[in-house]
Amino acid sequence: MKVFLAGGTGVVGTRALPALVAAGHEVTAVARGSEKAALVERLGGTPVTVDLFDPGAVAAAVAGHEAVVNLATAIPPLSKASRPKAWAVNHRLRTEASRHLVDAALAAGAGRYVQESICFPYLDAGDRWIDEDSPVDHENPIFASAGAAEAATARFAEGGGPGVVLRFGQFYAADAGHTVTMNRLARRRLSPFIGEATAYMSSIHAEDAGSAVVAALGAPSGIYNVVDDEPVTRAEADEAVAARLGVKPLRRMPKLVLRLNPSTKAVARSQRVTHDRLTAATGWTPAHPSIRTSWPTGSDPAPEASS
């Protein structure tokens with residue numbers, strides 16, 4: 001299958017691209033600059049330079065492809081994540097770029113569209129399991145763009161072939177900027193996991209996110225959670241990371257921080273998410289079942305990537 005991939009040079013994209021190639025697909029990936037183009041080529045893809053905010057350019061680049069996969073994001077570093085302006089480009093990618101890619105896919109007669117989304121908008125469910133039918137909060141400004149990207153995918157499904165949304169858990173990988181920052185905090189014995197100690201968090205290793213993209217090319221239209229097998233509480237995450245890094249128990253962030261920042265509170269919800277639907281539809285399962293055994297220590301090998 002000829003696949004057009006946006007976001008192929010990010011932490012997840014650099015896993016998805018070679019996985020797609022290994023599965024026999026011919027991949028064209030967006031690359032900004034010569035270094036990113038060289039990276040795409042080393043990973044087995046064909047680079048193309050295109051402004052995702054230019055609908056005409058996107059349409060021309062997508063023409064001739066049988067499937068479109070949108071993994072394009074611009075997640076700010078943790079040090080800036082509390083600033084609304086830091087998310088502006090990411091919101092544009094999930095609204096404008098997703099709209100342009102869906103328009104281009106429909107115009108090209110592509111048979112499938114796959115869109116990256118997130119689990120964070122799910123409402124707090126305590127210790128109850130969350131599936132794709134659980135309520136979400138796309139009215140919250142920090143999650144509205146994810147809702148827009150999902151709506152664009154539904155529009156493709158109405159006018160084209162299968163439209164698949166992948167709601168990813170919190171990514172982690174040795175080369176992911178957020179993971180590096182979290183490990184730096186943990187080595188100072190500060191917990192990097194925001195929320196109540198008993199609140200659940202659902203994660204996904206970047207390699208498993210990449211393999212889920214390949215699986216999505218065979219999934220029926222719909223929304224699918226992409227998480228590991230074992231969601232853990234924040235307290236359990238603290239214990240796991242401390243054990244992996246060989247440091248003493250971590251100190252948790254004061255609850256006052258959650259009260260002062262509404263956006264921080266929104267990403268601190270208890271979310272015990274299951275991937276059963278994707279597994280049932282495609283047979284996909286994560287190779288990294290839990291951060292307890294898979295959390296990177298900083299010395300783990302990682303593919304060439306940039307977040």
- For atom CZ of R32, decide whether the heavy atoms of other residues, nucleotides or ligands shown that lie under 6.0 angstrom number more than 12. no
- Query: Is R272 positioned over the aromatic face of Y200, cation under 6.0 angstrom from the ring centre and no more than 45 degrees off axis?
  - Reply: yes
- Message: I'd like to know if V136 and F168 are part of one continuous hydrophobic network [Ile/Leu/Val/Met/Phe/Trp/Tyr, side-chain heavy atoms within less than 4.5 Å].
- Response: no
- Item | Test item: E150 and I223 side chains (from C-beta on) under 4.5 Å apart, heavy atoms | yes
- Item | For W284 against A215, the heavy-atom pair lying closest together | CB-CB, 3.9 Å
- Task: Applying side-chain contact (heavy atoms from CB on, under 4.5 Å), run through E230 and E236 and close with a yes or a no.
- Result: CA-CA 11 Å; E230 185 188 359; E236 291 170 338; 5.7 Å; no
- Task: Would you mind checking if D238 and R252 are paired as a salt bridge, meaning a charged N to carboxylate O distance below 4.0 Å?
- Result: yes
- Please check if atom CZ in R188 has more than 12 non-hydrogen atoms from other residues, nucleotides or ligands closer than 6.0 Å. no
- Item | NE2-CG distance between H25 and L5, expressed to the nearest 0.5 angstrom | 11.5 Å
- Note on the structure: All heavy atoms of R112 vs all of L217, minimum pair found to be NE-O, 2.9 Å
- Item | Reported CG-to-OG1 distance for the pair D229 and T274, which is rounded to 0.5 angstrom | 9.0 Å
- Message: Out of the candidates L106, V164, N70, only one should pair with Y113 under the side-chain contact (heavy atoms from CB on, under 4.5 Å) rule; please name it.
- Response: N70
- Between CG of L20 and OG of S211, what distance do you get to the nearest 0.5 Å? 10.5 Å
- Task: Check the hydrophobic clustering (I, L, V, M, F, W, Y; side-chain heavy atoms under 4.5 Å; chains of links allowed) and say if F53 and F4 are grouped together.
- Result: yes
- Is a side-chain N or O of T14 found less than 3.5 angstrom from the main chain of V11, in a donor-acceptor match? yes
- Query: Rounded to the nearest 0.5 Å, what separation is found between the CZ atom of R128 and the CG atom of L123?
  - Reply: 10.0 Å
- Query: Does Y122 share a hydrophobic cluster with L278, counting links as ILVMFWY side-chain heavy atoms below 4.5 Å and allowing steps through other members?
  - Reply: no
- Value for CG (D124) from CG (D137), rounded to nearest 0.5 Å, stands at 11.5 Å
- Message: Could you report the tightest heavy-atom contact between G161 and S221, atom names first, then the distance?
- Response: O-OG, 4.1 Å
- Judged by atom type as modelled, is there a donor-acceptor pair below 3.5 Å linking the side chain of N225 to the main-chain atoms of C119? no
- Task: Please determine if R167 and D131 form a salt bridge, counting it only when a charged side-chain N lies under 4.0 Å from a carboxylate O.
- Result: no
- Say whether, by atom type as modelled, one donor and one acceptor occur between the side chain of S290 and the main chain of T293 under 3.5 angstrom. no
- Task: Write down the atom of V227, the atom of S202, and the distance for their closest heavy-atom approach.
- Result: CG1-CB, 3.8 Å
- Query: Do the side chain of T179 and the main chain of D175 share a donor and acceptor less than 3.5 angstrom apart?
  - Reply: no
- Task: With the side chain counted from C-beta on, respond yes when N183 and L245 share a heavy-atom pair under 4.5 Å apart, and no when they do not.
- Result: yes
- Query: Do side-chain atoms of S98 reach the backbone of A152 as a donor and acceptor pair under 3.5 angstrom?
  - Reply: no
- Note on the structure: Heavy-atom nearest pair, G13 first then L71, reads CA-CD1, 4.0 Å
- Got a donor-acceptor contact below 3.5 angstrom from the R234 side chain to the F193 backbone? no
- Query: Counting only N and O atoms by type, is there a donor-acceptor contact under 3.5 Å from the side chain of D208 to the main-chain atoms of A287?
  - Reply: yes
- Item | CG on D228 to NE2 on H288, rounded to 0.5 Å | 10.5 Å
- Does I130 share a hydrophobic cluster with F171, counting links as ILVMFWY side-chain heavy atoms below 4.5 Å and allowing steps through other members? no
- Evaluate the ring planes of Y172 and W295, with Trp represented by its six-membered ring, and classify them as parallel (under 30°), tilted (30 to 60°) or perpendicular (over 60°). parallel
- Using a 4.5 Å cut-off on heavy atoms from C-beta on, say whether the side chain of S203 contacts that of V232. no
- Query: Is there a side-chain contact (heavy atoms from CB on, under 4.5 Å) between R277 and D133 once you walk through the steps?
  - Reply: CA-CA 10 Å; R277 182 175 294 180; D133 296 324; 3.0 Å; yes
- Query: Are V267 and F143 close enough, and set up right, to give a side-chain contact (heavy atoms from CB on, under 4.5 Å), and what steps lead you there?
  - Reply: CA-CA 10 Å; V267 297; F143 301 140; 4.2 Å; yes
- Item | Exam field: side chain S191 to backbone R251, donor-acceptor pair closer than 3.5 Å | no
- Would you indicate whether the side-chain heavy atoms of L43 and L39 approach each other to under 4.5 Å? yes
- Item | Check: F120 main-chain N/O paired with Q271 side-chain donor or acceptor under 3.5 Å | yes
- Within a strict 4.5 Å, meaning less than it, do heavy atoms of the Q170 and H178 side chains meet? no
- Message: Under 3.5 Å, is there a donor on one side chain and an acceptor on the other for R244 and T297?
- Response: no
- Item | ILVMFWY network linking V180 to L185, side-chain heavy atoms under 4.5 angstrom | no
- More than 12 heavy atoms of other residues, nucleotides or ligands under 6.0 Å from CD of E41: is that the case? yes
- Message: I'd like to know if R292 and E239 make a salt bridge, using a cut-off of under 4.0 Å between side-chain N and carboxylate O.
- Response: no
- Task: Using modelled atom types only, decide if a donor and an acceptor are shared between the side chain of E66 and the backbone of K2 within a distance under 3.5 Å.
- Result: yes
- Message: Show the nearest heavy-atom pair for residues V247 and A186, with the distance to one decimal.
- Response: CG2-O, 3.8 Å
- Going by heavy atoms in the side chains, are Y224 and V165 under 4.5 Å from each other? no
- Do the non-hydrogen side-chain atoms of R94 and E116 ever get within less than 4.5 Å of each other? yes
